Amino acid sequence: MSVRNRFGTAAAIALMTTAGAVLLSACGPENGDSGSTAAPSAPVTAAPGGGSRSGSPAPGGKEPGGKESGGKEVNGTSAANHLTISTGTRTVAMNGTTVDFGTVVRDLAWSPDGKKAVFVDGDGNLLTAAPDGSGRATLAKAPSGETWSHPTWQHADKGPSGGAVPDETDRYNNIVFTSSKGGVLRLEKVPAKGGAVEELAPHNSEAGDAAGAPQPPQTGNTWANAGGQRADIAYANTPSGEVYIYDDYIRPATRDIGKGSQPALSPDGGNIVFVRSVNGHDHLFTRSTEHDRTTEKDLTPSATTDYTEPAWSPDGRTVAARTPDGISTVPADGSAAPVQVSTVKGLPVYRP
């Protein structure tokens, strides 16, 4: 069953006893780091459910919950693979161990140089910190009644000629995130160096508007992910179920990539990975953002579980994704099947 269809569901069983009493019971998904703190109105940010609850070990010698037989948890992160996993607790899995950030860490993302993390804390505010959890600073506080989730670090470090563009680097050094207020989802941004929070409104250029080109939706936008070197931002629109890429480096332009959710741009911006439900399971699809944008590749064609919340490795060769049993990785070219690398349940993200 698709992870989005499981979010917020409950089963109720009514049993009539001889005395006429009625017993109701309900169950829901296990909770780790959802990869989002958005309100239930945003199904694309829902967390996958837990693993098997049966009493016998799962295939591969793993017990229910994705742990090895004997209960040992497999971390799966290392300095070599750059993988990190935030679990919605104080600790983040990285470098083969766990780092205590001293506060709840949700939806962690890394700066382009890997020297800072940005995340949502237990109070719903945006914080930054060093990789060891030190130097925590509040970047912005969420207003009352507003829920923030899934920040990403927008940046532009090279111009059309390939050289550095200082003015553009400063202009696009922003944290983009989802804001949910009164059930309405929008994208917002705040300068990474601190400043005022303002709405990010994806749109097309004035020339396109004058020519009658349709403008992209302004509400229902969520799960922003920045990539490439020219400040591109991929995001999902909940009502339409579409994935978009917004680029205003030269002139504002928004491209509709197609049906999907939870998009992530490759480090060079040339490819995008996203989630789409196929035959009752969430699959991972990739597509070029530069050439033939109609050709898709299903990285998980034989999926018997849900693959969600994908992230690219720094070299662009691997995609990590969350499953009910932990984290799996798959070659970005689809040349091999996914392999589980960690039993830690949370949001995977690579540190550059």
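Atom set for the values below is all heavy atoms of this structure, side chains included, hydrogens, waters and symmetry mates excluded. Because the structure is a prediction, the values reported are computed rather than measured.
A 4.5 Å side-chain heavy-atom check between Arg287 and Ile257 finds at least one atom pair inside the cut-off. Looking at heavy atoms from C-beta onward, Leu108 lies in side-chain contact with Val92 at the 4.5 angstrom threshold. The closest side-chain heavy-atom distance from Leu185 to Asn221 is not below 4.5 Å. In this structure, Leu127 and Leu139 have side chains that are not in contact, with every pair of non-hydrogen atoms separated by 4.5 Å or more. A 4.5 Å side-chain heavy-atom check between Tyr249 and Tyr172 finds at least one atom pair inside the cut-off. Two residues are said to be in side-chain contact when any heavy atoms from C-beta on lie closer than 4.5 Å; Trp223 and Tyr235 fail this criterion. For the pair Lys193/Asn173, a side-chain contact is recorded, criterion being any heavy-atom separation below 4.5 Å from C-beta on. Considering only heavy atoms from C-beta on, Ile327 comes within 4.5 Å of Leu83 through its side chain.
From Thr91, atom OG1 reaches atom CG of Asp100 across 7.0 Å, with rounding to the nearest 0.5 Å. The OG1 atom of Thr87 sits 10.5 Å away from the CZ atom of Arg106 when rounded to the nearest 0.5 Å. Separation of atoms NZ (Lys181) and CD (Glu188) is listed at 9.0 Å; rounding is to 0.5 Å. For the atom pair OG1 (Thr318) and CG (Asp333), the distance works out to 9.0 Å, reported to the nearest 0.5 Å. Ser205 contributes atom OG, which lies 11.5 Å from atom CG of Asp248 (distance to the nearest 0.5 angstrom). Considering OG1 of Thr103 and CG of Asp121, their distance stands at 4.5 Å, rounded to 0.5 Å.
Nearest heavy atoms, Gly76 versus Asn81: O-ND2, 3.0 Å. Nearest heavy atoms, Val104 versus Gly88: CG1-O, 3.6 Å. Considering all non-hydrogen atoms of both residues, Gln340 and Asp325 come closest at NE2-O, 3.0 Å. The minimum heavy-atom distance between Gly133 and Val99, with the atom names listed, is N-CG1, 4.2 Å. Looking at every heavy atom in both residues, Ala311 comes nearest to Val349 through CB-CA, 4.0 Å. Of all heavy-atom pairs spanning Thr289 and Ile245, the tightest one is CG2-CD1, 3.5 Å.
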Exercise. Checking side-chain contact (heavy atoms from CB on, under 4.5 Å) for the pair Asn75/Thr98: CA distance, chi angles, key distance, verdict?
Worked result: CA-CA 8 Å; Asn75 185 292; Thr98 56; 4.2 Å; yes

For this session: Any chance you could lay out the salt bridge (charged side-chain N to carboxylate O under 4.0 Å, His left out) test for Glu199 and Lys189, step after step, and finish with the verdict?
Result: CA-CA 6 Å; Glu199 182 179 341; Lys189 66 179 181 179; over 6 Å; no

For this session: Please lay out, stage by stage, how Phe119 and His150 fare under the test side-chain contact (heavy atoms from CB on, under 4.5 Å).
Result: CA-CA 8 Å; Phe119 56 91; His150 207 263; over 6 Å; no

Exercise. Yes or no on side-chain contact (heavy atoms from CB on, under 4.5 Å) for Thr77 and Ile85, after CA distance, side-chain angles and deciding distance?
Worked result: CA-CA 8 Å; Thr77 68; Ile85 308 168; 4.0 Å; yes

Problem set entry | Tyr307 vs His281, ring-ring contact (aromatic ring centres under 6.0 Å, His included): CA-CA, chis, key distance, verdict | CA-CA 8 Å; Tyr307 294 93; His281 287 296; 8.8 Å; no

Problem set entry | Audit row: Tyr246, Arg255, side-chain contact (heavy atoms from CB on, under 4.5 Å) steps and yes/no | CA-CA 7 Å; Tyr246 177 53; Arg255 298 181 306 222; over 6 Å; no

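Proximity of a side-chain donor or acceptor of Trp312 to a complementary backbone N or O of Ala264 within less than 3.5 Å is detected. The main-chain N or O of Gly241 is never found under 3.5 Å from a side-chain atom of Asn237 such that the two would form a donor-acceptor pair. The closest donor-acceptor contact from the side chain of Ser111 to the backbone of Lys115 lies under 3.5 Å. In this structure, the side chain of Thr178 does not engage the main chain of Thr222 through any donor-acceptor pair within 3.5 Å. In this structure, Asp315 contributes its side chain and Arg317 its backbone to a donor-acceptor pair below 3.5 Å. Panel note: side chain Thr300, backbone Leu284; a donor-acceptor pair is recorded below 3.5 Å. Using modelled atom types, no side-chain atom of Thr286 and backbone atom of Val273 make a donor-acceptor pair closer than 3.5 Å. A donor-acceptor pair is defined here as one N or O able to donate and one able to accept, closer than 3.5 Å; no such pair exists between the side chain of Asp247 and the backbone of Asp232. Here the side chain of Thr84 pairs no donor or acceptor atom with the backbone of Arg351 at under 3.5 angstrom. Formation of a donor-acceptor pair under 3.5 Å by the Glu309 side chain with backbone atoms of Arg322 is not found in this model.
Side-chain heavy atoms closer than 4.5 Å link hydrophobic residues (I, L, V, M, F, W, Y) into clusters, and following such links, possibly through other members, connects Trp153 to Val120. Under a hydrophobic-cluster definition in which Ile, Leu, Val, Met, Phe, Trp and Tyr are linked whenever side-chain heavy atoms come within less than 4.5 Å, directly or via other members, Leu265 and Val243 are assigned to the same cluster. Grouping the Ile, Leu, Val, Met, Phe, Trp and Tyr side chains by contacts below 4.5 angstrom, directly or via other members, places Val176 apart from Val118. Note: the hydrophobic cluster containing Leu187 does not contain Leu126 (ILVMFWY, side chain heavy atoms under 4.5 Å, direct or indirect links). Linking Ile, Leu, Val, Met, Phe, Trp and Tyr whenever their side-chain heavy atoms come within less than 4.5 Å puts Ile272 and Val278 in one cluster.
Between the side chains of Thr97 and Asn95, not a single donor N or O lies within less than 3.5 Å of an accepting N or O. A side-chain donor from one of Ser179 and Glu146 sits under 3.5 Å from a side-chain acceptor of the other. In summary, the side chains of Asp298 and His283 do present a donor paired with an acceptor at a separation below 3.5 Å, with no hydrogens or angles considered.
Phe101 does not carry Arg90 over the face of its six-membered ring by the limits of under 6.0 Å from the centre and within 45° of the normal.
Taking the six-membered ring where the residue is Trp, the centroids of Phe177 and Trp148 are separated by under 6.0 Å.
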